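Since the structure comes first, as structure tokens, the remarks are kept for the end.
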Amino acid sequence: MSWDEQQLQTHLETMARAITERYGDSSPLLVGIESGGAWVAQALNEKLAKPLPMGTLNPAFYRDDFDTRGLKSTVSPSKLPLEVDGQHILLVDDVLMTGRTIRAAMNELFDFGRPASIALVVLFDIGHRQLPIRADICGETLALPPHQRVELRGPSPLVAEIRNLVVEDETETRS
């Protein structure tokens with residue numbers, strides 16, 4: 001299964017309407033999680049009648065699998081245009097799965113200050129939750145088996161497809 005640019009634009013329009021209904025004339029800070037979440041946040045901001053102040057967040061140092069996963073060579077610092085203290089935050093990611101990336105992102109946000117609230121906005125929710133985290137605004141909810149993931153490519157055009165995880169043969173890993 002895959003989603004072309006037009007199908008994702010339809011999801012983004014629906015999500016933008018939900019943001020407008022929820023926040024009206026107020027201006028929460030739109031924060032995209034690097035990199036797919038930042039792409040979604042930018043595309044979403046373009047759909048809003050009144051664009052929101054926007055930043056990006058890279059929670060790489062806060063991941064609980066940092067010691068086994070390592071740090072990507074392309075890690076960029078978080079960039080937030082406003083003070084976080086007392087600010088309503090719309091935290092945006094491309095895919096919500098276990099909740100661990102969102103937890104790491106919230107830890108990073110709290111290093112910048114104490115927000116008034118954090119709402120989670122995701123393009124896809126595929127389940128597999130390991131932490132009690134849920135999306136407040138979601139483009140599409142999928143029930144994928146454990147061996148599948150949604151992969152977003154972008155930033156422009158945004159396209160997505162379901163991919164099977166590559167499982168290494170145990171006999172190869174033992175040798």
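Residues take their numbers from the sequence shown, with the count starting at 1. Note: hydrogens, waters and symmetry copies are ignored here, and every other heavy atom, side chains too, is used. These numbers were taken from a predicted model, which means no experiment stands behind them.
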Within the structure provided, determine whether Leu90 and Leu44 are in side-chain contact (heavy-atom separation under 4.5 Å). no
Within the 4.5 Å heavy-atom criterion, are Ile19 and Ile137 side-chain neighbours or not? yes
Looking at Asp136 and Leu120, would you say the former's side chain and the latter's main chain have a donor-acceptor pair under 3.5 Å? yes
Is it true that Gln9 and Glu13 share a donor-acceptor pair across their side chains at a distance under 3.5 Å? no
Tell me, do Val40 and Leu12 make a side-chain contact under 4.5 Å, heavy atoms counted? yes
Could you see if Phe112 belongs to whatever hydrophobic cluster contains Met54? Use Ile, Leu, Val, Met, Phe, Trp, Tyr and a side-chain cutoff under 4.5 Å. no
Say whether, by atom type as modelled, one donor and one acceptor occur between the side chain of Asn45 and the main chain of Leu52 under 3.5 angstrom. yes
Under the 3.5 angstrom rule, does the side chain of Asn164 hit a backbone N or O of Gln148 as a donor-acceptor pair? no
Quick one: are Thr10 and Gln7 in side-chain contact, heavy atoms under 4.5 Å? no
Would you indicate whether Lys50, at its atom NZ, is surrounded by more than 12 heavy atoms from other residues, nucleotides or ligands within a distance under 6.0 Å? yes
Beyond-backbone contact of His88 with Ser26, side-chain heavy atoms, under 4.5 angstrom: no
To the closest 0.5 Å, what do you measure between CE (Met106) and CD1 (Ile133)? 4.0 Å
Closest contact, heavy atoms only, Gly36 versus Asp94: CA-OD2, 3.6 Å
Give the minimum heavy-atom separation between Ala43 and Leu158, together with the two atoms involved. CB-CD1, 3.8 Å
Gly32 and Ala41: which non-hydrogen atoms are nearest, and at how many Å? CA-CB, 3.9 Å
Arg17 and Thr20: side chain donor to acceptor below 3.5 Å: no
Minimum-distance pair of heavy atoms, taken over all atoms of Leu144 and His128: O-NE2, 2.9 Å
Shortest non-hydrogen contact from Leu165 toward Pro146: CD1-O, 3.8 Å
Does CD in Glu5 sit with more than 12 non-hydrogen atoms of other residues, nucleotides or ligands closer than 6.0 Å? yes
State plainly whether one hydrophobic cluster holds both Ile102 and Leu57, where clusters connect Ile, Leu, Val, Met, Phe, Trp and Tyr through side-chain heavy atoms under 4.5 angstrom apart. yes
Quick one: does any side-chain atom of Arg129 pair with a main-chain N or O of Gly127 as donor and acceptor, under 3.5 Å? yes
Look at the side chain of Gln87 and the backbone N and O of Ser27, then say whether any donor-acceptor pair between them is shorter than 3.5 Å. yes
Do any N or O atoms from the side chain of His11 and from the backbone of Phe124 form a donor-acceptor pair under 3.5 angstrom? no
Heavy-atom check, side chain of Thr101 versus side chain of Val95, under 4.5 Å: no
May I ask you to test the Trp39-Leu123 pair for a side-chain heavy-atom distance under 4.5 Å? no
Provide the closest heavy-atom pair for Pro145 versus Arg149 in the form atom of the first, atom of the second, distance. O-NH1, 4.5 Å
Straight-line distance of Asp93 CG to Glu34 CD, nearest 0.5 Å: 10.5 Å
Using 0.5 Å steps for rounding, measure from the CG atom of Leu91 to the CD1 atom of Ile33. 4.0 Å
